[in-house]
Number of protein chains: 2
Amino acid sequence: MKLGQATIKDIARELNVSSSTVSRALKDYPGISDETKRKVKELADKLNYRPNAVALSLRKSKSFTIGVIIPEVVHFFFSTVISGIEEVAFANNYNVILCQTNERLDREKSSIDTMLSNQIDGLLVSYSKETTDFEHFSKLMDLEFPIVFFDRLPEISNAVNVTVNDFEGAYQAVTHLISQGYKKIVHLAGPKNLAISKKRKEGYIQALLDGGITPDESLIVECAAGTEKESFDVTIVLFDNPENRPDAIFAHHDIVAAGAMMALKSINLRIPEDVGLVGYSNWQFSSMIDPPLSTVSQPGFKIGETAITMLLEMIDKKKDYQKEPVHVVLDTELLIRKSSVRL
Amino acid sequence: MKLGQATIKDIARELNVSSSTVSRALKDYPGISDETKRKVKELADKLNYRPNAVALSLRKSKSFTIGVIIPEVVHFFFSTVISGIEEVAFANNYNVILCQTNERLDREKSSIDTMLSNQIDGLLVSYSKETTDFEHFSKLMDLEFPIVFFDRLPEISNAVNVTVNDFEGAYQAVTHLISQGYKKIVHLAGPKNLAISKKRKEGYIQALLDGGITPDESLIVECAAGTEKESFDVTIVLFDNPENRPDAIFAHHDIVAAGAMMALKSINLRIPEDVGLVGYSNWQFSSMIDPPLSTVSQPGFKIGETAITMLLEMIDKKKDYQKEPVHVVLDTELLIRKSSVRL
DNA sequence: AACGTCGCCGCAAACGATTGCACAAAAAAT
DNA sequence: ATTTTTTGTGCAATCGTTTGCGGCGACGTT
């Protein structure tokens, strides 16, 4: 071995005992004399012995490793989730192996394959935008392989999910806009196939209804790409004509909101006086732009913590969530900043 | 096995051949009849056989896994680095196992321990702020264990490093400000003890000298915390008095720049007309604020790519960088946006 | 007919650790 | 003094895969 890492055999040879004895001595098995235990432990210490986790995995078919599949690490939201996952994993002596799909289904599949061949004990998944067929997940779940989905819900009946209350988050945001006197509220929506987009749209609609405003389909525009440029263009189209102009925007995403903000400024509309604006996800920049952007904050860290905690319970068979599937819904928080306050 | 994953033995049993034959057939070894190969491959396909990577690791003492140690995932810069690492790793069939230290030395050490016992093939490290003694790294390097450091340089003579040219980045930024006619340029500096802060400050000073401006110590203020609030306050103090007011700011960090921007606005100074502003790191928000912030972009993705590429070369013994240590310095890029352009 | 060659394949050890079982020696019970 | 129990340890198989070595039958050559 390159590292010259000491093995049980090394200790055994040196001490003229068998590997079995060393193994047992190290783990304080009964039936090993105190004398032997002492000697073994001393030498192990001296040689800086560390059990070979790979050999252990093979023997026990348990790797103390969990796989995490996310679309993109660079998303602030996902990085906070990872952070939460990492914390709990570390505290429980689990390793985290990471794969980003870049929103591509083929990478999702092949990542899962290599993770499985690495004998991961469980999987934490936020699937890619391309994923519409969930068989590669449900097949595993049928074999009782532990999976917890977060943020994006799969269409699998007995899936274990951790999400955020997107409906409520959107509802609160739009209700807030209404309470500020905005009446004609645009929704820049997310990709149709993502459940979160649907939920946010539903929350938007319900808030309108409860606020006595009739939803208008022409005010709901899908910004599927989620780039600034896209929403910039969309916003220009919506607001360019002074006749019957909308007076607020609820964006499904802060980046989208940022694009909209730039568009509004470019056509000399004031925020929040002329147009109110609320985003989603509380990206790092949202408090720093001018005006600071009101937004719905998702508890990324907590999502990560919750998801892995449940996964570990499944792995340890403490809970069998897949028998009575659980969907944990965490609360969002509406952060009211300047962009939506005009009263 | 929970997953009922087919093994070579299963295939062997089914086909009444030995495991060796199956193994060889799958890898197209010479000396196996085409007929057998065909049958083996067919069955392997049918059973959806995937080699057990753990067994392979044990056998070959090579795990195709590399460990990444970073202070915090949530930093935008680090997440881009990870993204770069992930890409190259994936392309080379390597796995990435991730540990964040949260800037703590004990976690750094224990993470390395568990990674080593997982037989990682190499290590990519950006060490914690608490790390001042590098023996836990140099010990490994003495055993020829492949390590590449990025962003933060250790005090180890034969270390392999990948960093960014902080001096040059600062130099370009300040030279740009001078070329725009700004003459009294403040530097909001980083913590004195970080090498990167020093480099940036040196670049700032050299640019002034080369631009025919005498550096003025009173214009260099340390913003050690790096928060918006801190730089807001500092900026107010510096710019509040109209007499002999500075006319530009070079901030060591975009967040610091953002705080300064808000301060300037709050005292009705126009950017870039009255005050020019350049930040550092190209945070995601910098292009979205108003005015868009000029900044020095650090190629995080490329740092990640470069570091892991070198690491893989070391692992594959193609290069022995540790014999003739290499320090790759990547160029920054000055992104000129509105906040610093008045000509 | 005897021998060499070649194609095709199996045996068994190895990687490092665990563990059921057996076994020897020492201690205790009869 | 013999049997039983206890104490401490070792053997060997196992996890899944690879690989050096050797074997065996079929063929070709003299």
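Numbers restart at 1 for each chain; the letters A, B, ... are given by sequence-line order, proteins then strands.
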Should [X] be listed as having a side-chain N or O under 4.0 Å from OP1 or OP2 of [N]?
| X | N | answer |
| --- | --- | --- |
| A/Lys9 | C/dC15 | yes |
| B/Thr21 | C/dC8 | no |
| A/Ser33 | D/dT9 | yes |

Subject >> Residues which pass salt bridge (Lys or Arg N to Asp or Glu O under 4.0 Å) with A/Asp316, listed by chain and number, not counting sequence neighbours >> reply: none
Please report the distance, rounded to the nearest Å, between [atom1] in [X] and [atom2] in [N].
| X | N | atom1 | atom2 | answer |
| --- | --- | --- | --- | --- |
| A/Leu116 | D/dG16 | CG | C1' | 16 Å |
| A/Asn52 | D/dC15 | CG | C1' | 13 Å |
| A/Leu58 | C/dT19 | CG | P | 13 Å |
| B/Asp10 | D/dT17 | CG | P | 9 Å |
| A/Arg13 | D/dT9 | CZ | P | 19 Å |
| B/Leu15 | C/dC8 | CG | C1' | 15 Å |
| A/Tyr49 | C/dG16 | OH | C1' | 8 Å |
| A/Asn16 | D/dG10 | CG | P | 9 Å |

Subject >> Nearest-neighbour nucleotide for the A/Ser20 side chain, C/dT19, C/dG10, D/dG16 considered >> reply: C/dT19
Subject >> Distance, nearest 0.5 Å, that separates OG of B/Ser23 from NZ of B/Lys9 >> reply: 12.5 Å
Original post:
5'-most contact on DNA chain C: B/Lys37 or B/Lys60, nearest heavy atom basis?
Top reply: B/Lys37
**OP:** Give a yes or no on whether a salt bridge exists between A/Glu42 and A/Arg38, defined as a side-chain N under 4.0 angstrom from a carboxylate O.
**Re:** yes
Original post:
Is it true that B/Arg107 and A/Glu86 have a side-chain N and a carboxylate O under 4.0 angstrom from each other?
Top reply: yes
At 4.0 Å (heavy atoms only), tell me whether [X] reaches a base, stays on the sugar-phosphate, or touches nothing.
| X | result |
| --- | --- |
| A/Val22 | nothing |
| A/Asp34 | nothing |
| B/Val54 | nothing |

Subject >> Donor-acceptor pair present, A/Ser18 side chain and D/dC11 base, under 3.5 Å >> reply: no
**OP:** Check if the side chain of B/Thr36 and the base of C/dC8 share a donor-acceptor pair of N or O atoms closer than 3.5 Å.
**Re:** no
Original post:
Who passes ring pair (Phe, Tyr, Trp, His ring centres under 6.0 Å) against B/Phe90, sequence neighbours left out?
Top reply: none
Original post:
What residues, two or more places apart in sequence or in another chain, satisfy ring pair (Phe, Tyr, Trp, His ring centres under 6.0 Å) together with B/His75?
Top reply: B/Phe78
Original post:
Does any residue of residues 23-32 of chain B have a heavy atom under 4.0 Å from DNA chain C, and if so, which ones, in number order?
Top reply: B/Arg24, B/Gly31, B/Ile32
Subject >> Sequence neighbours excluded - ring pair (Phe, Tyr, Trp, His ring centres under 6.0 Å) pairs with any residue from residues 97-143 of chain A >> reply: A/Tyr127-A/Phe134, A/Phe137-A/Phe149
**OP:** With sequence neighbours left out, write down each residue that passes side chain to side chain contact (heavy atoms under 4.5 Å, CB included) with A/Ser20, or none if nothing qualifies.
**Re:** A/Ser18, A/Arg24
